[in-house]
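To keep things clear, I will list the structure first and then write my remarks on it.
These numbers come from a predicted model, not from an experiment.
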Amino acid sequence: MELKTGYKQTEIGAIPEAWELTTLGGFVSLQRGHDLTERNRRCGEVPIMGSAGQNGFHDVALAKGPGVVLGRSGASFGQAHFCEVDFWPHNTALYVTDFHANNPRFAYYVLSSIDFGRYNSGGAQQSLNRNFIAPIPVPRPPTTAEQEAISGALSDADALIESLEHFISKKRYLKLGAMQELLAGKRRLPGFSGEWVVKRLEELADIRSGGTPSTAQPQFWDGDVLWCTPTDITALKGRKYLSETNRKITVQGLECSSAELIPANSIVMTSRATIGECAINAVPVSTNQGFKNVVPFENVDVDFLYYLLQTKKQDFISLCGGSTFLEISKTQLAAFSVGVPETRAEQTAIAAVLSDIDAEIITLEAKLAKARQLKQGMMQELLTGRIRLV
């Protein structure tokens, strides 16, 4: 491939001719954090910076900000965090305060862009050794002006991401408040009045269980019938509708087990170990035995019932009290009482308000995903010099 004018070939690919290819150890000075036990942890105003970022406060600063901390072990292995002020670097992290005359935020973005998973020196228990990662090649713009331009563009991308995250959090809080008021009848929508009625769930819907075909019978598996497990529900991450599952069974498997085909626009709800996680199945599905599935009667709005059941998770869990293995039975769920509007019209109106909020959250989450993807692309282009800002 022909080399672009103004660029040179290096071991990591083409970079601008004016840029230098150095090493991570030559780019910044990495140091290991310090022990901090409960005995010497003292309350103050100095942020404690560990592998997962800020984790409490201390009254002593061991590192002068600005600084970057890098997760050395644990779940936050290899994650970079920027700290503007003086801080206490925890021993779960490596940290940088000597940037070798480089722009600190630019250094933060460089460290954020490196896949440190390739440099694990701890085996099963991941560990980041500063001597082991020091030889990593790092392309560096020669002037702080170019570094500042790059870090400024990426900081703007981070600010957009942060604002979207904050807005989504506010929308979720708004939805929670609306659910607490509307689904308990504390706030009525215009045009509706009259007392709500208390009914058992078996008066609102048909409660159905699930089952698992024999795994020893291959003819029961990999068919056309969707077969839902709790993992399929948790993978939705709070989204309302289920339209696909990881596994499928055959019609024969359905007929030769206790699994039932749940009609579309019903509610599949986890009832074992993880209690009360719900989704509306947009298509017919079957489930394993870790579900109690709710098929609403004609006079019940499925979206309303979905939101209502979400507010009852803790009540469902309390029904399982005293059991080593949490599970709610079909009998317990059928006898569970809830307050509902007497008319389906009011149920539908309440569900419409909550569905609108959900739709706004989904739109914002799509914007957030796009913003994160855009930032990732910017990092790949800007930190290698494929796009120049000065």
Side-chain angles (χ1 to χ4, degrees), residues 28 33 45-58 61 63-72 74-90 92-97 99 102-117 141 144-178 236-239 356-384 386-387 389-390:
V28 294
E45 297 180 352
V46 176
I48 300 168
M49 299 295 292
S51 62
Q54 185 174 315
N55 179 25
F57 294 89
H58 202 268
K64 190 169 183 61
V68 178
V69 296
L70 190 63
R72 188 174 61 81
S76 300
F77 171 87
Q79 291 185 13
H81 308 275
F82 189 80
C83 187
E84 194 77 56
V85 299
D86 298 350
F87 61 99
W88 177 295
H90 196 268
T92 58
L94 301 175
Y95 72 98
V96 179
T97 53
F99 295 95
N102 294 295
N103 178 271
R105 280 202 177 271
F106 175 78
Y108 158 70
Y109 286 116
V110 168
L111 288 165
S112 298
S113 70
I114 297 173
D115 178 12
F116 287 106
T144 54
E146 186 166 9
Q147 293 184 11
E148 288 170 3
I150 293 171
S151 63
L154 294 174
S155 293
D156 288 345
D158 273 338
L160 174 60
I161 290 170
E162 186 177 346
S163 68
L164 286 169
E165 289 173 338
H166 180 66
F167 199 22
I168 290 170
S169 179
K170 286 182 64 175
K171 282 292 181 181
R172 286 176 175 158
Y173 185 77
L174 174 65
K175 175 187 170 183
L176 179 62
L236 293 174
K237 296 181 180 179
R239 294 190 300 275
D356 286 346
I357 299 175
D358 269 342
E360 291 178 18
I361 292 173
I362 290 171
T363 299
L364 289 169
E365 286 176 335
K367 290 182 179 179
L368 176 59
K370 187 174 181 179
R372 286 172 172 163
Q373 186 179 24
L374 177 62
K375 181 202 166 184
Q376 190 63 34
M378 289 173 62
M379 290 180 69
Q380 292 171 356
E381 298 294 312
L382 294 175
L383 295 175
T384 59
R386 288 198 287 266
I387 291 179
L389 298 179
V390 297

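- For the side-chain hydrogen bond (donor to acceptor under 3.5 Å, both in side chains) test, no residue two or more places apart in sequence or in another chain qualifies with Thr363.
- Residue pairs satisfying the salt bridge (charged side-chain N to carboxylate O under 4.0 Å, His left out) criterion with at least one member in residues 77-88, sequence neighbours excluded, are listed as follows: Glu84-Arg105.
- Looking at Glu360, its side chain never comes within 3.5 Å of a backbone N or O of Lys171 through a donor-acceptor pair.
- For Glu381, the side-chain hydrogen bond (donor to acceptor under 3.5 Å, both in side chains) partners two or more places apart in sequence, or in a different chain, are Arg386.
- To the nearest 0.5 Å, the span separating CZ on Phe116 from CG on Leu70 amounts to 4.5 Å.
- The side chain to side chain contact (heavy atoms under 4.5 Å, CB included) check on Thr97 picks up Gln31, Ala63, Phe87, Tyr95, with sequence neighbours excluded.
- Between Gly50 and His81, the closest heavy-atom pair is O-CD2, 4.1 Å.
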Worksheet item: Can you check side chain to side chain contact (heavy atoms under 4.5 Å, CB included) on Leu154 and Leu382, steps first, answer last?
Response: CA-CA 9 Å; Leu154 294 174; Leu382 294 175; 4.2 Å; yes
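- For Gln79, there are no side-chain hydrogen bond (donor to acceptor under 3.5 Å, both in side chains) partners, not counting sequence neighbours.
- Here Met379 contributes atom CE and Thr384 contributes atom OG1; the two are 11.0 Å apart, rounded to the nearest 0.5 Å.
- Under the rule for a side chain to side chain contact (heavy atoms under 4.5 Å, CB included), the partners of Ala149 that lie at least two apart in sequence or sit in another chain are Leu389, Val390.
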Acceptor/donor pairs from residues 369-377 side chains to any protein atom, 3.5 angstrom cut, sequence neighbours excluded:
residue	atom	partner	partner atom	Å
Arg372	NH2	Glu165	OE2	2.7
Lys375	NZ	Asp158	OD1	2.8

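- Taking every heavy atom of both residues into account, Ser151 and Tyr109 meet most closely at O-CE1, 3.7 Å.
- We find the CD1-CD distance between Ile150 and Glu146 to be 5.0 Å, quoted to the nearest 0.5 Å.
- Across Phe99 and Ala107, no two heavy atoms sit closer than the pair CD2-CB, 3.6 Å.
- Residues meeting the salt bridge (Lys or Arg N to Asp or Glu O under 4.0 Å) test with Arg172, sequence neighbours left out: Glu365.
- In terms of heavy-atom proximity, Ser51 sits nearest to Ser76 at O-CB, 3.1 Å.
- Here the shortest heavy-atom pairing between Met49 and Phe82 reads CE-O, 4.3 Å.
- Sparse packing is recorded around NZ of Lys367, with 12 or fewer heavy atoms of other residues, nucleotides or ligands lying under 6.0 Å away.
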Practice prompt. Start with the C-alpha gap between Leu94 and Val69, add the side-chain angles, then the distance that decides, and say whether side chain to side chain contact (heavy atoms under 4.5 Å, CB included) holds.
Written response: CA-CA 6 Å; Leu94 301 175; Val69 296; over 6 Å; no
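- Partners of Thr92 by side-chain hydrogen bond (donor to acceptor under 3.5 Å, both in side chains), not counting sequence neighbours, listed by chain and number: His90.
- Separating the CG atom in Leu368 from the CD1 atom in Ile361 is a distance of 12.5 Å, to the nearest 0.5 Å.
- The stretch residues 147-157 participates, sequence neighbours left out, in no salt bridge (charged side-chain N to carboxylate O under 4.0 Å, His left out) pair at all.
- Side-chain N or O atoms of Tyr108 include none that pairs as donor or acceptor with a backbone N or O of Asn103 at under 3.5 Å.
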